[in-house]
Amino acid sequence: MVYLVSYDLKGGNPEDYGELYDLFATFSDCKKCLESSWLVVTDMSCEQVRDRLRTKMNPADLIVVVPYGPMRSSWIPTDVVDWIHKYMP
């Protein structure tokens, strides 16, 4: 399953979130697609992904995890589109 993960880091300096960024690499595959958004591939549920990432976030931070469906419309970098096509031809 491919999920879109988006977050707002409200609790501190983005440089303090190294463990959060490292955690994305532990999924089956991942790709940063926007400043505060990632695409991740995993067999986990939305809730499990959210809960796993929350362990490295501050209490004031916000996060949303949603299943990523067929692309309808976007303006994103070409390398991200190519990555998406690996999982959703």
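When a residue number appears, it is its place in the shown sequence, counting from 1. Values reported hereafter were calculated over all heavy atoms of this structure, with side chains retained and with hydrogens, waters and symmetry mates removed.
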Heavy-atom pair with the smallest gap, counting every atom of C46 and V65 | SG-O, 3.7 Å
For residues 23-52, which residue pairs qualify under salt bridge (charged side-chain N to carboxylate O under 4.0 Å, His left out), counting only residues two or more places apart or in two chains?
-> D29-K86, K31-D79
Nearest heavy-atom pair of M44 and F27: which atoms, and what distance?
-> SD-CE2, 3.8 Å
Is there a path from M57 to L23 through hydrophobic residues (I, L, V, M, F, W, Y) whose side chains come within less than 4.5 Å of each other?
-> yes
Close side-chain approach of V2 and I84, heavy atoms under 4.5 Å = no
Examine Y87 and V5 and state if one hydrophobic cluster contains both, with Ile, Leu, Val, Met, Phe, Trp and Tyr joined whenever side-chain heavy atoms are less than 4.5 Å apart.
-> no
In terms of hydrophobic clustering (I, L, V, M, F, W, Y; side-chain heavy atoms under 4.5 Å; direct or indirect links), are F24 and L9 co-clustered?
-> yes
Where L53 and L20 come nearest, the two heavy atoms and their spacing | O-CD1, 3.7 Å
Answer with yes or no whether the hydrophobic clustering places V66 together with M88; edges join I, L, V, M, F, W, Y residues whose side-chain heavy atoms lie under 4.5 Å apart.
-> yes
If we only count heavy atoms from C-beta on, is the T42 to M1 side-chain gap below 4.5 Å?
-> no
On a heavy-atom basis, the closest approach of R54 and P59 is NH2-O, 3.6 Å
Without swapping roles, check the side chain of D61 against the backbone of K10 for a donor-acceptor pair under 3.5 Å.
-> yes
Any chance you could measure Y3, atom OH, to S45, atom OG, to the nearest 0.5 Å?
-> 6.0 Å
Can you name the nearest heavy-atom pair linking L39 to C33, along with the distance?
-> CG-SG, 4.1 Å
Are V49 and W83 in one and the same hydrophobic cluster, where Ile, Leu, Val, Met, Phe, Trp and Tyr link if side-chain heavy atoms are under 4.5 Å apart?
-> no
May I ask you to decide if the ring planes of Y21 and Y7 are parallel, tilted or perpendicular, using 30° and 60° as cut-offs?
-> tilted
Say whether, by atom type as modelled, one donor and one acceptor occur between the side chain of S37 and the main chain of L34 under 3.5 angstrom.
-> no
